[in-house]
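For reference, the structure is listed below as structure tokens.
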Amino acid sequence: MSEPIISLNERSARSQLAPGEQLQTYGVVVPAKDAKGVKMKVHGHGKLGGELGDHLMHTVGATSGGAGSIAASMPQTSGSALVLRVTDQRVGLVGQRDGIPVWEVPRAWVVRVERRPRLQLLARFRLHYADGSWLAFMTARRRTVEGFQALIG
């Protein structure tokens with residue numbers, strides 16, 4: 001019997017799981033603080049307004065928490081898409097092509113998912129952590145956010 005064909009994203013999400021660890025869901029995301037090529041328009045303010053909008057999107061509303069917070073421990077990424085995976089043991093980001101972990105935290109540290117208003121064509125959401133900090137992410141599919149919410153709350 002042949003093995004089922006799985007997508008590159010699913011293969012990346014399943015890579016390097018601990019023995020017995022179960023993948024529960026995954027989705028392709030971009031951390032808002034590192035997003036590139038996403039433009040936010042500030043109407044009536046020309047190029048300067050667009051630059052201001054980009055700056056606000058990447059700073060205000062992209063992350064919260066002080067230097068020692070869970071959210072602050074996420075390293076800067078390349079700004080390209082990553083796979084956010086949720087397992088029974090951890091929640092984290094892995095490379096979309098190679099599945100190499102970029103950043104992960106214990107599952108118990110992630111307390112809820114908050115859907116945010118859409119930004120152009122992208123769905124936006126926040127992962128809230130046990131210490132009160134949070135990180136914002138963007139994804140092309142609202143169903144991705146709904147899947148995270150169904151598992152995490």
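These numbers come from a predicted model, not from an experiment.
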Practice task
Report yes if the side chains of T139 and V145 come closer than 4.5 Å at any heavy-atom pair, otherwise no.
Solution key: yes

Completion exercise
Output for pair (S15 OG, L23 CG), nearest 0.5 Å, gives 10.0 Å

Practice task
Indicate yes or no: at least one non-hydrogen side-chain atom of R107 is less than 4.5 angstrom from one of I152.
Solution key: yes

Handout entry: Nearest-0.5 Å distance that lies between atom OG1 in T144 and atom CE in M138
Key = 13.5 Å

Handout entry: salt bridge (Lys or Arg N to Asp or Glu O under 4.0 Å) contacts in which one or both residues fall within residues 75-84, not counting sequence neighbours
Key = none

Handout entry: Distance (rounded to the nearest 0.5 Å) between Q96 CD and S7 OG
Key = 9.5 Å

Exercise for the section: Applying side-chain contact (heavy atoms from CB on, under 4.5 Å), name anything that partners E114, two or more places apart in sequence or on another chain. Expected result: R112, R116, R126, H128

Problem - Student check: side-chain heavy atoms of Y26 and E10 closer than 4.5 Å - result: yes

Exercise for the section: Apply side-chain contact (heavy atoms from CB on, under 4.5 Å) to W109 and list each qualifying residue two or more places apart in sequence or on a separate chain. Expected result: I70, V105, P106

Handout entry: Transitive ILVMFWY side-chain link L82 to W103, under 4.5 Å
Key = yes

Exercise for the section: Check the hydrophobic clustering (I, L, V, M, F, W, Y; side-chain heavy atoms under 4.5 Å; chains of links allowed) and say if V30 and V94 are grouped together. Expected result: no

Exercise for the section: Taking the side chain as every heavy atom from C-beta outward, state whether V91 and L84 have any pair of such atoms under 4.5 Å apart. Expected result: yes

Completion exercise
Tightest non-hydrogen contact, residues V83 and A13, listed as CG1-CB, 3.9 Å

Handout entry: Atom pair CG/CE of L127 and M74 - distance to nearest 0.5 Å
Key = 10.0 Å

Handout entry: Reported CZ-to-CG distance for the pair R14 and L17, which is rounded to 0.5 angstrom
Key = 7.5 Å

Practice task
Determine which pairs satisfy salt bridge (Lys or Arg N to Asp or Glu O under 4.0 Å) with at least one residue from residues 74-85, sequence neighbours left out, and list them in order.
Solution key: R85-E104

Exercise for the section: Please examine the side chains of P101 and Q16, heavy atoms only from C-beta on, and report whether any two atoms are closer than 4.5 Å. Expected result: yes

Fill in the blank from the handout: Those residues at least two apart in sequence (or on a different chain) that pass side-chain contact (heavy atoms from CB on, under 4.5 Å) with Q89 are A18, E21, T87

Practice task
Find out whether V29 and L93 are in side-chain contact, i.e. whether some heavy atom of one side chain is under 4.5 Å from a heavy atom of the other.
Solution key: yes

Practice task
Keeping the roles fixed (side chain from S133, backbone from Y129), state whether a donor-acceptor pair exists under 3.5 Å.
Solution key: no

Problem - hydrophobic_cluster_shared for L135 and F125, side chain cutoff 4.5 Å - result: yes

Problem - Residue list, side-chain contact (heavy atoms from CB on, under 4.5 Å) with T25, at least two apart or on another chain - result: V86, F148, L151

Completion exercise
A72 and A67 have their tightest heavy-atom pair at CB-O, 3.6 Å

